[in-house]
**Q** 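Quick one: the structure is below, and I'll ask about it shortly.
Each chain gets a letter, A, B and so on, in the order the sequences are listed, and its residues count up from 1.
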Number of protein chains: 2
Amino acid sequence: MTAIEQAQARPRGTRLPRRARREQLLGAAQEVFVAQGYHSAAMDDIAERAGVSKPVLYQHFPGKLELYLALLDQHCESLLQSVRTALASTTDNKKRVEATMDAYFAYVEDEGGAFRLVFESDLTNEPAVRERVDKVSLQCAEAISEVIAEDTGLSRDQSMLLAVGLGGVSQVVARYWLASRSGVPRDTAVGLLTSLAWRGIAGFPLHGAEGQVQGHH
Amino acid sequence: MTAIEQAQARPRGTRLPRRARREQLLGAAQEVFVAQGYHSAAMDDIAERAGVSKPVLYQHFPGKLELYLALLDQHCESLLQSVRTALASTTDNKKRVEATMDAYFAYVEDEGGAFRLVFESDLTNEPAVRERVDKVSLQCAEAISEVIAEDTGLSRDQSMLLAVGLGGVSQVVARYWLASRSGVPRDTAVGLLTSLAWRGIAGFPLHGAEGQVQGHH
DNA sequence: CAAGCCGTGGAGGTCAAGATCGGCGTGCAG
DNA sequence: CTGCACGCCGATCTTGACCTCCACGGCTTG
């Protein structure tokens with residue numbers, strides 16, 4: 001149920017306990033921010049969407065930025081959890097790749113488009129936002145790079161580069177897949193990317209010994 | 001030479017031919033937009049940076065948006081050209097991958113940070129901007145996917161997914177590489193990604209028949 | 001040499017959007 | 001029943017940024 005439906009179900013005069021009201025406001029804000037982006041989203045829009053007046057918003061959040069940050073934190077945490085869970089779900093590295101790819105696809109597909117707040121924010125010039133987005137990207141990449149470093153024996157810097165790359169592919173392709181709505185089902189897309197990535201990774205030193213490969217660096 | 005140096009070299013009263021003035025304004029605008037983003041950039045800032053007054057800006061551009069779009073178009077075109085040139089630079093598909101990766105790195109490294117206008121715009125909610133960014137991404141991906149489709153025999157949809165992925169890796173990693181300033185030199189980073197991507201691609205159908213996983217060409 | 005013209009400059013209008021103040025209705029305690 | 005407290009609303013203020021109006025000075029032409 002969207003926030004606006006909730007708001008219409010409970011017409012404009014209803015009084016809510018403080019905690020519930022806050023959650024409802026967060027929901028409405030997310031819908032508006034996702035649909036319009038930070039700058040185009042007016043506090044009036046959010047208030048109207050939630051079926052309350054503007055002062056109520058300011059009784060729950062100090063300002064527009066803090067409201068946005070609350071949502072951003074929430075969804076950054078969510079992404080990080082998904083990735084970590086995926087990495088920990090198995091010890092088979094190929095399945096790890098697949099699970100991680102799928103985590104990105106699931107993240108992009110679900111949550112009412114909240115991934116836009118993280119991956120397509122129009123407030124990256126605000127240091128507080130930039131910091132959060134950079135941090136979650138870095139943390140995801142570090143989690144991935146640990147596995148890569150262990151599996152390939154590459155240096156810390158180099159495995160980070162690859163990890164950033166793998167996260168990047170997942171994120172970019174997942175968004176493209178969602179937007180393009182081409183006929184490719186999610187499983188197929190994930191499988192395709194997993195093949196691509198796994199063969200790529202599997203060619204590095206530790207495996208190169210067993211499987212022979214052309215020169216690298 | 002930055003626009004502000006030009007402006008200081010020619011102190012504030014100088015008259016310029018129309019074409020030259022326009023170019024100088026574009027330069028100043030690019031510096032400000034890159035440094036501050038669209039929203040934080042004030043027309044006053046741009047005018048001051050260029051060493052002129054605001055009305056002059058409006059004699060060359062109808063408004064802030066059009067000024068931004070002029071720059072955006074310019075750099076979208078530049079990226080597309082780089083990618084197409086890289087793809088056409090050889091018929092060896094592995095070198096194609098490397099050249100294309102390198103094109104993204106060069107694009108991100110050079111041009112006074114102009115890649116931010118394309119990859120990190122804070123105006124993606126403006127339809128005109130969204131359209132341009134989407135279009136250039138799509139055109140790059142299509143150019144890449146043609147090669148992939150021909151080389152692997154994958155369907156149009158599937159090769160587009162991979163192409164988007166390759167473009168995405170290049171772009172994301174290049175930006176990370178630029179920002180992180182880790183010790184990895186550009187050649188090494190490009191080489192690493194090329195290994196990753198090429199082994200990944202080379203495993204698809206057409207090659208799987210001849211060389212099980214890796215080597216050929 | 002002189003007069004006019006055109007581009008430049010600083011100051012101001014307008015408007016959207018974030019942030020806030022005095023009333024109102026509802027429910028509970030005495 | 002009645003007063004009080006709490007949360008909510010309509011209306012307003014203010015800031016900041018985009019976008020134009022009246023004076024000035026250098027170049028050109030007769």
**Q** List in chain and number order the residues that pass side chain to side chain donor-acceptor pair (under 3.5 Å) with B:His75, two or more places apart in sequence or in another chain; answer none if no residue qualifies.
**A**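 Here the qualifying residues are B:Gln30, B:Glu111.
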**Q** Are any side-chain N or O atoms of A:Trp177 and backbone N or O atoms of A:Val184, one a donor and one an acceptor, separated by less than 3.5 Å?
**A**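 Checked: pair present.
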**Q** For DNA chain D, find the residues of residues 58-75 of chain B with a heavy-atom distance under 4.0 Å and give them by number; none if there aren't any.
**A**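 Here the set is B:Tyr58, B:Gly63, B:Lys64.
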**Q** Tell me every residue that passes ring pair (Phe, Tyr, Trp, His ring centres under 6.0 Å) with A:Tyr68, counting only those two or more places apart in sequence or in another chain.
**A**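 With neighbours one apart ignored, the set is A:Phe33, A:Tyr38.
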**Q** Rounded off to whole Å, could you give me the NE2-to-P distance for the B:His39 and C:dA16 pair?
**A**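 One finds 17 Å between P of C:dA16 and NE2 of B:His39, rounded.
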**Q** Determine, step by step, whether B:Glu146 and B:Arg156 satisfy the salt bridge (charged side-chain N to carboxylate O under 4.0 Å, His left out) criterion, reporting the C-alpha distance in whole Å, the side-chain angles of both residues, the deciding distance to 0.1 Å, and the verdict.
**A** CA-CA 8 Å; B:Glu146 279 180 26; B:Arg156 184 148 205 84; 5.2 Å; no
**Q** Would you kindly give the CD1-to-C1' distance between A:Ile46 and C:dA19, to the nearest whole Å?
**A**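 Answer to the nearest Å: 14 Å.
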**Q** Whole Å only: how far is the CD atom of A:Glu48 from the P atom of C:dG18?
**A**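 After rounding, the gap between these two atoms is 14 Å.
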**Q** Pairs under 3.5 angstrom, nitrogen or oxygen only, protein versus nucleotides 23-29 of chain C, please.
**A**
| residue | atom | partner | partner atom | Å |
| --- | --- | --- | --- | --- |
| C:dG25 | N2 | A:Arg15 | NH1 | 2.6 |

**Q** Could you go through nucleotides 11-13 of chain C and list every protein N or O atom that sits under 3.5 Å from one of its N or O atoms, giving the distance for each pair?
**A**
none

**Q** Tell me: CE of A:Met43 to P of C:dT20, nearest whole Å?
**A**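 Checked: the CE to P distance equals 10 Å.
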**Q** List for me each residue that meets side chain to side chain donor-acceptor pair (under 3.5 Å) alongside B:Asp110, sequence neighbours excluded, and say none if there are none.
**A**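 B:Asp110: no side chain to side chain donor-acceptor pair (under 3.5 Å) contacts found.
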**Q** In whole angstrom, give the distance that lies between atom CD of B:Gln36 and atom C1' of D:dG16.
**A**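 Value for this atom pair: 14 Å.
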**Q** Please identify each residue that fulfils side chain to side chain donor-acceptor pair (under 3.5 Å) with B:Asp102, with sequence neighbours left out.
**A**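 With neighbours one apart ignored, the set is B:Arg186.
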**Q** Does a side-chain N or O from A:Arg21 land closer than 4.0 Å to OP1 or OP2 of D:dC8, or not?
**A**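 Answer is yes, contact under 4.0 Å.
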**Q** Who are the side chain to side chain contact (heavy atoms under 4.5 Å, CB included) partners of A:Thr85, not counting sequence neighbours?
**A**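 Counting only residues at least two positions away or on another chain, A:Thr85 forms a side chain to side chain contact (heavy atoms under 4.5 Å, CB included) with A:Gln81.
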**Q** A:Ala179: which residues meet the side chain to side chain contact (heavy atoms under 4.5 Å, CB included) condition with it, sequence neighbours left out?
**A**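 With sequence neighbours excluded, A:Ala179 shows a side chain to side chain contact (heavy atoms under 4.5 Å, CB included) to no residue whatsoever.
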**Q** Under the side chain to side chain contact (heavy atoms under 4.5 Å, CB included) rule, collect the residues that match up with A:Asp187, sequence neighbours excluded.
**A**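 If we apply the side chain to side chain contact (heavy atoms under 4.5 Å, CB included) test to A:Asp187, skipping adjacent residues, there are no hits.
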**Q** For A:Ser89, enumerate each residue passing the side chain to side chain contact (heavy atoms under 4.5 Å, CB included) test, keeping only those at least two apart in sequence or located in another chain.
**A**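 Once residues adjacent in sequence are excluded, the partners of A:Ser89 under the side chain to side chain contact (heavy atoms under 4.5 Å, CB included) criterion are A:Ala99.
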**Q** Not counting sequence neighbours, which residues clear ring pair (Phe, Tyr, Trp, His ring centres under 6.0 Å) with B:Phe119? List them please.
**A**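 Applying ring pair (Phe, Tyr, Trp, His ring centres under 6.0 Å) to B:Phe119 gives none.
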